[in-house]
Amino acid sequence: MVKVQDIAKWFLSQDSMTHKKIQKLCYYAQAWYCALYDGTPLFEDQIEAWVHGPVIPSLYPLYADYKWNSIPKRDFDESVFPQKVLDVLHAVYTTYGEFTGDQLEALTHSETPWKTARKNSKPWEISTEVISCDSMRSYYGSKYEQAQND
């Protein structure tokens, strides 16, 4: 298992981005890893269904001071990751990297794992409900299977 902080640093080595975008890309990395590797999590940190989409609370304070501003691009030695982790990270960045944090928020709001974890919460209500790896595996796994059959 890898550290979510290193996943975030890897995404920042690709480009500068907002805190919101980093959170969503880390979410998608976890989601697709769970889907592709039978529910095995990429990192151990929990993901919660916050108002603005999935958030990893342990990652939040590391970049919160940037608020809505972009965090500068940084160097990162990706050799710390196994190849299958890099494959997922590259696929996630290729798929979602062109979107803004706000666009990724809207996308996650339309998907089952976040909606299920939010349960009956009003859109503005705080929630600390966890988005489970099983929920991500089920939803994104079915999307993967669908794509394989198209």
Side-chain angles (χ1 to χ4, degrees), residues 1-118 129-150:
M1 214 174 285
V2 300
K3 294 182 179 179
V4 70
Q5 294 84 355
D6 288 337
I7 299 293
K9 289 175 187 173
W10 185 88
F11 283 122
L12 282 169
S13 75
Q14 305 306 299
D15 201 1
S16 65
M17 61 189 72
T18 63
H19 184 201
K20 186 187 285 188
K21 184 172 179 173
I22 290 170
Q23 287 282 347
K24 304 313 172 254
L25 291 175
C26 288
Y27 163 75
Y28 280 119
Q30 178 80 307
W32 283 104
Y33 196 88
C34 286
L36 295 171
Y37 295 102
D38 294 325
T40 302
L42 175 60
F43 52 83
E44 65 183 20
D45 306 65
Q46 291 188 328
I47 301 174
E48 296 178 357
W50 287 19
V51 170
H52 294 286
V55 170
I56 300 121
S58 62
L59 187 60
Y60 190 85
L62 299 179
Y63 302 107
D65 289 346
Y66 285 93
K67 299 182 179 169
W68 59 87
N69 298 307
S70 285
I71 301 160
K73 184 177 177 179
R74 303 172 179 183
D75 291 331
F76 183 76
D77 179 10
E78 65 179 32
S79 69
V80 302
F81 293 138
Q83 189 59 49
K84 70 181 186 177
V85 170
L86 287 173
D87 291 346
V88 170
L89 296 180
H90 282 286
V92 165
Y93 192 73
T94 299
T95 304
Y96 301 102
E98 69 186 59
F99 298 107
T100 67
D102 290 338
Q103 290 170 321
L104 292 172
E105 174 185 341
L107 184 59
T108 61
H109 281 202
S110 73
E111 297 172 333
T112 302
W114 181 83
K115 292 194 299 189
T116 299
R118 291 287 296 175
E129 292 297 321
V130 172
I131 300 173
S132 72
C133 198
D134 284 343
S135 172
M136 291 183 267
R137 181 187 52 75
S138 175
Y139 179 76
Y140 296 100
S142 69
K143 288 180 70 105
Y144 180 75
E145 285 179 25
Q146 242 179 346
Q148 297 305 304
N149 294 327
D150 287 347

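It should be emphasised that the depicted structure is a prediction, and the values quoted were computed from it without experimental measurement.
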Undergrad: Do any pairs count as a salt bridge (Lys or Arg N to Asp or Glu O under 4.0 Å) and have a residue in residues 19-35, sequence neighbours left out, and if so which ones?
TA: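 Salt bridge (Lys or Arg N to Asp or Glu O under 4.0 Å) check on residues 19-35 returns Lys20-Asp102, Lys20-Glu105.
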
Undergrad: Any side-chain heavy-atom pair from Asn69 and Thr18 closer than 4.5 angstrom?
TA: no

Undergrad: So for atom CD, which belongs to Gln46, do other residues, nucleotides or ligands contribute more than 12 heavy atoms lying within a distance under 6.0 Å?
TA: no

Undergrad: Are Ile22 and Cys26 close enough that some pair of their side-chain heavy atoms sits under 4.5 Å apart?
TA: yes

Undergrad: Take Trp32 and Tyr144 through the side-chain contact (heavy atoms from CB on, under 4.5 Å) test and state the conclusion after the steps.
TA: CA-CA 9 Å; Trp32 283 104; Tyr144 180 75; 3.9 Å; yes

Undergrad: Quick one, Pro54 and Glu48 - any side-chain contact, counting heavy atoms below 4.5 Å?
TA: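 Not in contact.
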
Undergrad: Identify the two heavy atoms, one from Pro41 and one from Cys34, that lie closest to each other, and give their separation to 0.1 Å.
TA: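 For Pro41 versus Cys34, the nearest heavy atoms are CA-SG, 3.9 Å.
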
Undergrad: Quick check: His52 with Trp114 (ring centres under 6.0 Å apart)?
TA: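 Ring centres of His52 and Trp114 not closer than 6.0 Å.
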
Undergrad: Residues two or more places apart in sequence or in another chain: which of them pass ring pair (Phe, Tyr, Trp, His ring centres under 6.0 Å) with Phe76?
TA: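 Phe76 satisfies ring pair (Phe, Tyr, Trp, His ring centres under 6.0 Å) with Phe81 once adjacent residues are dropped.
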
Undergrad: Measure the spacing between CD of Gln14 and NZ of Lys73 and express it to the nearest 0.5 Å.
TA: 7.0 Å

Undergrad: Going through the distances and angles, do Val92 and Phe11 end up as a side-chain contact (heavy atoms from CB on, under 4.5 Å)?
TA: CA-CA 10 Å; Val92 165; Phe11 283 122; 3.9 Å; yes

Undergrad: Tell me, please, which residues at least two apart from Glu98 pass side-chain contact (heavy atoms from CB on, under 4.5 Å).
TA: none

Undergrad: Relative to the ring of Tyr60, is the ring of Trp50 parallel (under 30°), tilted (30 to 60°) or perpendicular (over 60°)?
TA: tilted

Undergrad: For residues Pro61 and Pro57, report the shortest heavy-atom separation together with the two atoms involved.
TA: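 Taking Pro61 first and Pro57 second, the nearest heavy atoms are CD-O, 3.2 Å.
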
Undergrad: Could you measure the distance from the OG atom of Ser16 to the CZ atom of Arg74? Nearest 0.5 Å is fine.
TA: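 It is 10.5 Å, given to the nearest 0.5 Å.
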
Undergrad: When you measure from the side chain of Ser138 to the backbone N and O of Asp134, does any donor-acceptor pair fall under 3.5 Å?
TA: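 Side chain of Ser138 to backbone of Asp134, a donor-acceptor pair under 3.5 Å: no, none is there.
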
Undergrad: Decide yes or no for Val130 and Ile47: does some side-chain heavy atom of the first lie under 4.5 Å from some side-chain heavy atom of the second?
TA: no

Undergrad: If you define the side chain from C-beta out and look only at heavy atoms, does anything of Tyr96 sit under 4.5 Å from Leu107?
TA: yes

Undergrad: Taking the side chain as C-beta and beyond, is there a heavy-atom pair between Lys84 and Val88 under 4.5 Å?
TA: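 Of all side-chain heavy-atom pairs linking Val88 with Lys84, none is under 4.5 Å.
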
Undergrad: Do Gln23 and Leu59 come close enough that some side-chain heavy atom pair is under 4.5 Å?
TA: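 Of all side-chain heavy-atom pairs linking Leu59 with Gln23, at least one is under 4.5 Å.
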
Undergrad: Using the test salt bridge (charged side-chain N to carboxylate O under 4.0 Å, His left out), find all partners of Glu129 that sit at least two apart in sequence or belong to another chain.
TA: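 Result, salt bridge (charged side-chain N to carboxylate O under 4.0 Å, His left out) vs Glu129: Lys119.
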
Undergrad: Of Glu145, Glu111, Gln30, which meets side chain to side chain donor-acceptor pair (under 3.5 Å) against Tyr140?
TA: Glu111

Undergrad: With sequence neighbours excluded, tell me which residues meet side-chain contact (heavy atoms from CB on, under 4.5 Å) with Ser58.
TA: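 So Ser58 forms a side-chain contact (heavy atoms from CB on, under 4.5 Å) with Val4, Asp45, Ile56.
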
Undergrad: Heavy-atom count around Tyr37 OH within 6.0 Å, excluding the residue itself: above 12?
TA: yes

Undergrad: Only counting residues at least two apart or in another chain, list the ones meeting side-chain contact (heavy atoms from CB on, under 4.5 Å) with Lys3.
TA: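 In terms of side-chain contact (heavy atoms from CB on, under 4.5 Å), with neighbours along the sequence ignored, Lys3 is linked to Gln5, Asp6.
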
Undergrad: Side-chain contact test, heavy atoms from C-beta onward, threshold under 4.5 Å: evaluate it for Leu86 versus Trp10 and give yes or no.
TA: yes

Undergrad: Hey, is CD on Glu44 packed in by over 12 heavy atoms from elsewhere, all under 6.0 Å?
TA: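 No, not enclosed.
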
Undergrad: Can you name the closest pair of heavy atoms from Gly141 and Ala35 and give their distance?
TA: N-CB, 3.5 Å

